[in-house]
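For reference, the structure discussed in these notes is given below.
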Amino acid sequence: GATYYTLASTATAPFFSSVSFNSLTLNWGTNGNTPETVYEVSMSSDNFVLDFSTPVPTLVQNTNNFASIDFLQTNKEYWFRVRAFNGAGLSSDFSVIVTTKTRAPISDLSGSAVDATTIQWNWRDPSGDVSYKVYNATSGAVLATIAPINGNPAVPTFFDVGLATNTARAILVSAVTPAGEGPLTASPTVYTLAAVPGLAAISFPSASL
């Protein structure tokens with residue numbers, strides 16, 4: 001006789017096991033589906049209002065309860081949902097929709113000496129809802145956390161003060177978004193200025209007539 005399939009169950013709420021600046025891994029629960037169940041992942045940049053794509057279509061026959069999504073834009077919010085298909089190609093309802101924002105990398109990090117004890121560091125603002133963490137490149141200690149203030153974006157500048165004269169310094173900077181901390185970007189090595197020489201004491205030899 002003919003073969004018939006029961007319907008697949010709706011996948012349980014998806015979650016993100018990893019998020020980078022241009023990729024992520026989405027996981028979900030099988031909700032009792034058999035190992036042969038195929039899953040489809042759809043994605044949107046506006047919560048499925050106008051924008052819609054299917055980075056994991058049924059064509060690839062994904063039977064895992066996870067999927068890696070690549071080639072995403074940095075520091076951008078995405079929405080995802082999952083549905084399951086039985087052996088006859090009939091779909092379940094969509095899962096609940098989940099959202100995350102990709103992380104933001106730091107670029108164009110540079111520094112310049114302000115005086116004998118201060119270096120000013122600057123980098124390109126990746127835009128969006130970000131704060132910054134600044135690390136000592138040698139020790140790994142956190143030097144500063146720069147956050148938005150009163151609704152204004154975090155300033156992509158750090159004044160490294162209290163340094164010794166003519167001293168080498170390098171830092172690491174990361175951007176922090178709701179998805180977590182992004183990759184660390186290393187600075188070039190910059191030296192504070194040398195101190196201005198002081199006036200020399202002048203002594204005269206004694207003289208007699």
Side-chain angles (χ1 to χ4, degrees), residues 5-108 123-133 145-156 173-185:
Y5 292 87
T6 54
L7 295 177
S9 299
T10 302
T12 57
F15 62 94
F16 303 97
S17 58
S18 68
V19 179
S20 75
F21 63 94
N22 63 358
S23 65
L24 56 82
T25 300
L26 183 69
N27 300 67
W28 56 87
T30 62
N31 198 17
N33 288 322
T34 62
E36 296 79 20
T37 303
V38 171
Y39 296 94
E40 173 195 85
V41 178
S42 50
M43 177 179 77
S44 172
S45 61
D46 63 359
N47 199 9
F48 298 96
V49 176
L50 296 175
D51 178 69
F52 173 89
S53 64
T54 310
V56 184
T58 56
L59 181 65
V60 302
Q61 294 291 292
N62 177 40
T63 56
N64 298 314
N65 66 327
F66 63 89
S68 295
I69 315 297
D70 300 316
F71 307 109
L72 302 176
Q73 296 182 43
T74 62
N75 196 27
K76 183 177 178 64
E77 189 166 14
Y78 291 94
W79 286 260
F80 294 89
R81 63 188 182 186
V82 178
R83 61 178 175 174
F85 287 79
N86 70 0
L90 298 175
S91 70
S92 68
D93 292 333
F94 284 109
S95 68
V96 297
I97 297 172
V98 293
T99 183
T100 190
K101 179 179 281 190
T102 52
R103 300 184 182 187
I106 297 297
S107 60
D108 298 335
W123 54 90
R124 179 175 295 179
D125 179 11
S127 76
D129 183 19
V130 299
S131 58
Y132 305 106
K133 280 192 173 182
T145 298
I146 305 170
I149 300 176
N150 298 326
N152 297 314
V155 178
V173 180
S174 66
V176 183
T177 72
E181 187 172 357
L184 290 169
T185 298

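Computed from a predicted structure; not experimentally measured.
The heavy-atom pair separating S107 from W123 by the smallest distance is O-CB, 3.6 Å. Across Y78 and T99, no two heavy atoms sit closer than the pair O-OG1, 2.8 Å. Minimum interatomic distance between T177 and K101 (heavy atoms only, all atoms of both residues): OG1-O, 4.2 Å. Here the closest heavy-atom approach between residue N62 and residue N64 is recorded as OD1-N, 3.2 Å. Minimum interatomic distance between L72 and L24 (heavy atoms only, all atoms of both residues): CD1-CD2, 3.6 Å. Taking each heavy atom of N47 and S44 in turn, the nearest pair found is N-OG, 3.3 Å.
Remark: T34 engages E36, T37 in a side chain to side chain donor-acceptor pair (under 3.5 Å) (not counting sequence neighbours). Not a single side chain to side chain donor-acceptor pair (under 3.5 Å) links T74 to another residue, sequence neighbours left out. Every residue meeting the ring pair (Phe, Tyr, Trp, His ring centres under 6.0 Å) condition with F80, not counting sequence neighbours, appears here in chain and number order: F16.
A side-chain hydrogen bond (donor to acceptor under 3.5 Å, both in side chains) with S174 is found for exactly one of K133, E181, R103, namely E181. Results of the side chain to side chain contact (heavy atoms under 4.5 Å, CB included) test with P14 over V41, V96, I97 single out V96 as the only residue that passes.
Pairs engaging residues 59-88 under the salt bridge (Lys or Arg N to Asp or Glu O under 4.0 Å) rule: E40-R83 [sequence neighbours left out]. Applying the ring-ring contact (aromatic ring centres under 6.0 Å, His included) test to pairs two or more places apart or on separate chains, those with a residue in residues 17-43 are W28-Y39.
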Candidate pair S42 and F94, rule side chain to side chain contact (heavy atoms under 4.5 Å, CB included), full reasoning: CA-CA 9 Å; S42 50; F94 284 109; 3.9 Å; yes
Applying side-chain hydrogen bond (donor to acceptor under 3.5 Å, both in side chains), run through Y132 and D125 and close with a yes or a no. CA-CA 10 Å; Y132 305 106; D125 179 11; 3.0 Å; yes
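Between the OG atom in S91 and the CG atom in N86 there is a gap of 8.5 Å [rounded to 0.5 Å]. Between N27 atom CG and S68 atom OG the span is 8.5 Å, to the nearest 0.5 Å. With rounding to the nearest 0.5 Å, the separation of CZ in F71 from CG in N22 is 8.5 Å. A distance of 11.0 Å separates CZ of R124 from CD1 of I106, quoted to the nearest 0.5 Å.
Between the side chains of N65 and T30, no donor-acceptor pair of N or O atoms lies under 3.5 Å. For T25 and S18, the side-chain atoms include at least one donor-acceptor pair closer than 3.5 Å.
In this structure, the side chains of P153 and P148 stay at 4.5 Å or more apart for every pair of heavy atoms. A 4.5 Å side-chain heavy-atom check between S92 and F85 finds every atom pair outside the cut-off.
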Please tabulate, one pair per line, all N/O donor-acceptor pairs under 3.5 Å involving side-chain atoms of residues 5-13, not counting sequence neighbours.
unit_1: S9; atom_1: OG; unit_2: N31; atom_2: O; d: 3.4
unit_1: T12; atom_1: OG1; unit_2: G29; atom_2: N; d: 2.9
unit_1: T12; atom_1: OG1; unit_2: G29; atom_2: O; d: 3.4

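Of the possible donor and acceptor atoms, one in the side chain of S20 sits under 3.5 Å from a partner among the backbone N and O of S23.
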